[in-house]
K.L.:
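Would you mind keeping the following structure in view while I ask a few things?
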Amino acid sequence: MDDSHTPGNPLDRGALADQDFLAATGVAKVVVVDSTGSTNADLLRSVTVEPKEWPDLSVLTAEYQTAARGRLDRRWEAPPLSSVSVSLVLRPANAEGRPLPTHTYSWLSLLGALALRETLLETAGIPAELKWPNDVLVRGRKIAGILAQLGPMGDGSVPPVILGTGLNVTLTASELPVPTATSVALEEPLTVDRTVLLKSYLAHFAVLYRSFCNADGDPTAGIAGGPSLHKRVESVMVTLGKQVRAQLPGDHEIIGHASRLDEYGSLLVVDKDRREHVVTAGDVVHLRPWTPPGQGAESGYA
């Protein structure tokens with residue numbers, strides 16, 4: 001494994017712009033900037049102003065991100081050169097150029113999480129799991145988050161998707177945003193080279209994405225010579241089988257058993273009355289299994 005970069009080194013722009021790498025992955029281009037507020041916000045602006053400059057699988061990555069945004073408008077700021085902060089322009093279409101139906105877009109953030117899990121396992125030697133809807137965990141701690149945002153309709157064509165990923169790489173324990181987070185460096189990795197990790201993520205993502213597109217966005221179709229996206233995601237999603245509290249839009253919440261994902265990647269939660277609820281967005285907290293009073297610990301955070 002190439003460990004030539006020590007923690008804190010800049011990305012290798014030459015390696016990311018290498019024509020052999022771009023040709024092999026199908027990535028259109030990789031733009032590296034020193035600093036920005038948010039790579040997602042930048043790309044949302046760019047695909048509106050100059051859409052032809054940002055074709056499918058165009059990539060923007062920043063050495064330092066000052067106003068990254070997660071779900072529910074949460075913001076955070078990591079030290080410079082400590083993370084992989086990357087956003088992709090996705091214009092999903094099959095091999096004939098036919099756009100995917102927009103109802104398939106809900107799978108794109110899960111596809112990104114799956115690609116990042118494969119990267120951590122194969123490139124860094126770190127076991128990772130997915131937490132619904134878009135977090136990557138290592139040993140129960142969050143190492144990365146993914147956010148998909150819909151771009152503008154523009155000229156009436158299918159809107160692009162901006163898929164942003166933030167991976168904690170060289171953050172120390174004291175630099176983590178919350179105590180329940182972790183970083184690559186804290187998990188005894190094979191490498192903390194951000195260039196190697198980014199290239200691996202883009203390569204894994206491109207294979208899964210292209211195969212998903214060529215299956216017309218069908219999550220039940222086998223992809224990349226193996227199981228379907230639906231099966232792959234369910235098999236590594238630690239949320240399933242757990243007792244969860246789902247925070248829903250409008251200050252509603254439900255507590256129940258996370259049973260499975262539906263055909264749109266939504267989480268199905270069965271409450272105590274055996275009613276099944278479809279959770280399409282919102283926060284999900286993993287709870288310890290509930291036991292009756294007097295027979296052990298009651299529900300709590302896990």
Side-chain angles (χ1 to χ4, degrees), residues 69-76 101-114 116-117 127-150 161 163-165 177-182 212 217-221 227-302:
R69 186 171 80 81
R71 286 177 306 110
L72 310 180
D73 272 336
R74 292 190 182 114
R75 294 176 183 274
W76 74 96
T102 51
H103 68 75
T104 67
Y105 284 15
S106 54
W107 283 97
L108 293 173
S109 59
L110 291 166
L111 195 152
L114 194 63
L116 189 57
R117 176 192 175 271
E129 297 172 307
L130 309 190
K131 175 177 180 278
W132 193 91
N134 54 5
D135 289 345
V136 181
L137 308 183
V138 174
R139 294 180 253 271
R141 295 177 178 273
K142 180 174 175 177
I143 199 167
I146 294 177
L147 180 69
Q149 294 179 276
L150 202 59
V161 173
L163 187 73
T165 299
V178 290
T180 52
T182 188
F212 180 64
D218 179 359
T220 65
S228 68
L229 180 59
H230 193 285
K231 282 184 178 171
R232 289 177 193 230
V233 169
E234 279 201 337
S235 70
V236 296
M237 180 157 286
V238 70
T239 307
L240 299 181
K242 278 202 164 46
Q243 187 87 350
V244 300
R245 181 173 69 240
Q247 293 289 143
L248 305 177
D251 284 337
H252 298 296
E253 72 171 35
I254 55 168
I255 291 178
H257 177 82
S259 60
R260 61 189 177 94
L261 301 180
D262 71 8
E263 65 269 32
Y264 304 111
S266 301
L267 184 67
L268 298 180
V269 177
V270 180
D271 68 18
K272 65 182 187 328
D273 298 318
R274 299 188 179 178
R275 284 178 305 196
E276 193 171 62
H277 301 263
V278 179
V279 183
T280 57
D283 264 3
V284 167
V285 175
H286 293 174
L287 304 174
R288 295 191 187 94
W290 185 84
T291 52
Q295 295 184 24
E298 295 187 31
S299 298
Y301 292 96

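Remember, it's a predicted structure, so these values are computed and weren't measured experimentally.
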K.L.:
Hey, what do you get for CG (L137) to OG1 (T182), rounding to the nearest 0.5 Å?
P.N.:
10.5 Å
K.L.:
Flag the pair L163 / I146 as yes when at least one side-chain heavy-atom distance between them is below 4.5 Å, and no otherwise.
P.N.:
yes
K.L.:
Considering non-hydrogen atoms only, spot the tightest contact between A128 and V136 and give its length.
P.N.:
CB-CG1, 3.9 Å
K.L.:
Between L261 and M237, which heavy-atom pair has the shortest distance, and what is it?
P.N.:
CD2-SD, 4.0 Å
K.L.:
Can you see which heavy atom on S266 is nearest to which on V278, and at what distance?
P.N.:
CB-CG1, 3.7 Å
K.L.:
Go through the steps to decide whether L229 and L114 satisfy the test side-chain contact (heavy atoms from CB on, under 4.5 Å), and finish with yes or no.
P.N.:
CA-CA 9 Å; L229 180 59; L114 194 63; 3.8 Å; yes
K.L.:
What residues, two or more places apart in sequence or in another chain, satisfy side-chain hydrogen bond (donor to acceptor under 3.5 Å, both in side chains) together with S228?
P.N.:
none
K.L.:
Can you find a heavy atom in the side chain of L287 that is under 4.5 Å from one in the side chain of V244?
P.N.:
no
K.L.:
Looking only at non-hydrogen atoms, find the nearest pair between T280 and W132 and report the distance.
P.N.:
C-CH2, 3.8 Å
K.L.:
Start with the C-alpha gap between H257 and V269, add the side-chain angles, then the distance that decides, and say whether side-chain contact (heavy atoms from CB on, under 4.5 Å) holds.
P.N.:
CA-CA 5 Å; H257 177 82; V269 177; 5.8 Å; no
K.L.:
Provide the closest heavy-atom pair for L130 versus A113 in the form atom of the first, atom of the second, distance.
P.N.:
CD2-O, 3.6 Å
K.L.:
Just checking D251: does its CG atom have more than 12 heavy atoms from other residues, nucleotides or ligands closer to it than 6.0 angstrom?
P.N.:
no
K.L.:
Does any non-hydrogen side-chain atom of K242 lie less than 4.5 Å from one of K131?
P.N.:
no
K.L.:
Give the ring-plane orientation class for Y264 versus H103, where under 30° counts as parallel, over 60° as perpendicular and anything between as tilted.
P.N.:
perpendicular
K.L.:
Which pair of non-hydrogen atoms, one from L111 and one from F212, has the smallest distance, and what is that distance?
P.N.:
CD1-CB, 3.7 Å
K.L.:
Please report the interatomic distance CD(Q247) to CD(E253), rounded to the nearest 0.5 Å.
P.N.:
4.5 Å
K.L.:
Can you list the residues that meet the side-chain hydrogen bond (donor to acceptor under 3.5 Å, both in side chains) rule with S109, with sequence neighbours excluded?
P.N.:
none
K.L.:
Do L267 and L240 pass the side-chain contact (heavy atoms from CB on, under 4.5 Å) test, and can you show the C-alpha distance, the side-chain angles, and the key distance before you say yes or no?
P.N.:
CA-CA 9 Å; L267 184 67; L240 299 181; 3.7 Å; yes
K.L.:
I want to check something: taking the side chain as every heavy atom from C-beta on, are Q243 and I255 in contact at a cut-off of under 4.5 Å?
P.N.:
yes
K.L.:
Mind checking side-chain hydrogen bond (donor to acceptor under 3.5 Å, both in side chains) for D262 and listing every partner two or more places apart, or none if nothing turns up?
P.N.:
none
K.L.:
Who passes salt bridge (Lys or Arg N to Asp or Glu O under 4.0 Å) against R274, sequence neighbours left out?
P.N.:
none
K.L.:
State which residue, out of R232, H230, K231, fulfils the side chain to side chain contact (heavy atoms under 4.5 Å, CB included) condition with E234.
P.N.:
H230
K.L.:
Is H277 close to L268 at the side-chain level, that is, under 4.5 Å between some pair of heavy atoms?
P.N.:
no
K.L.:
Who are the salt bridge (Lys or Arg N to Asp or Glu O under 4.0 Å) partners of E263, not counting sequence neighbours?
P.N.:
none
K.L.:
I need the full list of side-chain hydrogen bond (donor to acceptor under 3.5 Å, both in side chains) pairs touching residues 138-147, with sequence neighbours left out, sorted by first then second residue.
P.N.:
D135-K142, R139-E187
K.L.:
Examine distances only and state if a side-chain atom of D273 and a backbone atom of R275 form a donor-acceptor pair shorter than 3.5 Å.
P.N.:
no
K.L.:
Are the side chains of D271 and I254 in contact, using a 4.5 Å heavy-atom criterion?
P.N.:
no
